[in-house]
Amino acid sequence: MKKYLIVAVSLAFALMLSGCEFQKNKEKSINVYSWGEFIADGSDGTINVNEKFTEETGIKVNYKTFQNNEELFAKISGGGADYDVIIPSDYMVSRLIEKDMLEKINFDNIPNYKLISDRFKNLGFDPKNEYSVPYVWGMIGIFYNKKEVTAEINWDILWNEKYKNRILMFDNARDAFAISLLRLGYSVNTEDASQLREAADELIKQKPLVQAYVMDQIFDKISNGEAVLAPYYAGDAAVVMKNNPNIGFVIPKYASEKFVDSMCIPKGSENKELAEKYINFMCRTDIALANAKKTGYSTPHEEAYNLLDGDIKNNEIFYPDRETLNNSQTFVNLSEKTNKLIDELWVEVKSGGASQNPWNLVIILLGFAAAYLAVVVLKNSKRKK
Amino acid sequence: MKIKPNLFPYVLWMSFFVIVPLILVIIFAFSTPEGGFTLDNIIYATKYSAVFWRSIVLGAVSTFVCLIIGYPMAYCIAKIKANFQSVFIMLLMIPMWTSFLLRTYAWMTILEYNGLLNKLIAFLGFEKINMINTPGAVVLGMVYNFLPYMILPIYTVLSKIDKKVIEAAQDLGANKITVFKKVVFPLSLAGVVSGITMVFVPSVSTFVVSKMLGGGAILMIGDLIEMQFLGNAYNPYLGSAVSLVLMVIIMICMGITNKLDEDPNEQNMIL
């Protein structure tokens, strides 16, 4: 009897769950997958963008966030995720295009696209601009403590002995290598193994000076004076500098990296038209302005830019001059081989360049096996006694 | 073999959440992105020998430290009055209710160069010490987080030792040290062994602790596996191969400790 009860209960549950599914499909909704704190959410007197979209169109927005591009990639390439709008960065857009994981966008449904500055169209990662609509952009620069760092700030300062143990670095192979490559005057998208080797050697040289390899912890460590130099993304500079006026941010003029995060529609989206509606909505001037104000990242939207406060509009950190922009590079996707090489070199950098004898692991395993056998033999001989 | 119906939920759980994932890991470890069979992933994993070695050493050191600290603590707790015992065990458990991440993050603020501990040191007039981002800090983080897993099984075994056995030894003229050496310790070996496994396994494969307290520069196997899934090159094949090698190492270690554990059982049988 009990068994039947269990079966009945589980069946009922299954029906309830599938019932929910049906319910969801009946009312229109889209799934958006984006970065954390990347949208105006109604706090600090801004508009709640997603709620407003629902209000105006009746389409529900399921908003989920990710930590980094790789997490996004792992999620959608693993299948089982049905997102309608995603916001990856430049190189991830080109990787997704290469892997045929993006849907071509019908730009007829996105009339507001014309408001996006031409400078952000047809960039390297989506040369014909068929798959992506730029959402925000920014530069990589260096946070520094004005009290303790007086020298000129450029990439070389991250290799300066004087600041030993007070320097932070990206805990992310691609960005860390970009800094080393920019300093050496190479392209951040180089596929040349010898250039990458050189960049890795420089990073190995830098390692004794580096206090820690971190990502978001940079804010804490730079604000409380634990570290005095740290490269990071410009978008977060506003908040950090507001909280601590001793912190400055400089984008090296001669070479930097520009990132562009764009809205895309992944393959398999069941609500492509609704997704386009959402993208178009995000490109509306008032919405783009609200997002730019809330997130602190630079907007590629021309009208929204014009409506920004003067002190932000003319701020070199968020809207650098032409020279800096012309000298900046944007990531594109690298070949699988190069990606693997970078990962391998990155492990070497973090291990301080220790030579990794492949036989060590075999020796370790054999050692453990020998220890196991020794114990067995020991026990057996004891038993005989 | 016929499976009894009351075993059914257990079998279902095991097959879905243990056997199937395990098979998937093995399949991934031996396959190419195109789906063919290959040994390359395993061979590639050997390139990271230094990382394996570092993890094993740090894991072993923290297990040892846990044992050194944990055994006397468990012994003391087992010795005190019964109603105090539950209070002590409770106190041991309470930190485990807070998030693992939060506890480790707290250590970061304590150990930082401008952190709490260094502020105290500077206040007392000593030179500041660089503590964070060293292997020592990582070991400290692991010991702090995993110590309860060492104390609890040892305490459980110690508190269940029959008092009459100890009294018998004393009656036969054994002094305190001899009682401990010949009776209490051998009887508690089962707890020690399960404590060692329960600390060593998570220590070897941890990655949050090494990331936060090691400054990202003390790379461990957990970090390496994470890198394969969330790193620059998305490579679940290599990630699975590394996990598989790690599993083999852990299995051998558990085999060793289990063998060591066989002794007291035999003695029990003789008794």
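What you see is a predicted model; the values in this text were computed from it and never measured. In what follows, every chain begins at residue 1, and chains take the letters A, B, ... in the order their sequences are listed. Only heavy atoms go into these numbers, but all of them, side chains included; no hydrogens, no water, no symmetry mates.
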[options]: which one forms the most heavy-atom pairs within less than 4.5 Å of chain B?
| options | answer |
| --- | --- |
| A:K221, A:E71, A:Q67 | A:K221 |
| A:D220, A:V214, A:N224 | A:D220 |
| A:R95, A:E336, A:M169 | A:R95 |
| A:V375, A:L341, A:N68 | A:V375 |

Where on [X] is there a heavy atom nearer than 4.5 Å to chain A: the side chain, the backbone, both, or neither?
| X | answer |
| --- | --- |
| B:I56 | side chain |
| B:N6 | neither |
| B:F229 | backbone |

Completion exercise
Heaviest contributor of heavy-atom pairs below 4.5 Å to chain A, chosen from B:I132, B:N130, B:L230, B:V248, is B:L230
Problem - Flag if over 12 foreign heavy atoms under 6.0 Å of NZ, B:K128 - result: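 Yes, because the 6.0 Å sphere around NZ of B:K128 holds more than 12 heavy atoms from other groups.
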Exercise for the section: Count the heavy atoms belonging to other residues, nucleotides or ligands that lie under 6.0 Å from CZ of B:F100, then report whether that count exceeds 12. Expected result: yes
Exercise for the section: Applying side-chain hydrogen bond (donor to acceptor under 3.5 Å, both in side chains), run through A:Q217 and B:Y105 and close with a yes or a no. Expected result: CA-CA 10 Å; A:Q217 291 160 28; B:Y105 202 84; over 6 Å; no
Measure distances from [X] to the heavy atoms of chain B and classify the residue's part below 4.5 Å as side chain, backbone, both or neither.
| X | value |
| --- | --- |
| A:A371 | both |
| A:T338 | neither |
| A:F73 | side chain |
| A:N69 | neither |
| A:D171 | side chain |

Exercise for the section: Indicate yes or no: at least one non-hydrogen side-chain atom of A:N165 is less than 4.5 angstrom from one of B:Y113. Expected result: no
Completion exercise
Partner of A:K350 under side chain to side chain contact (heavy atoms under 4.5 Å, CB included), picked from B:L219, B:D223, B:V51, B:L224, is B:L219
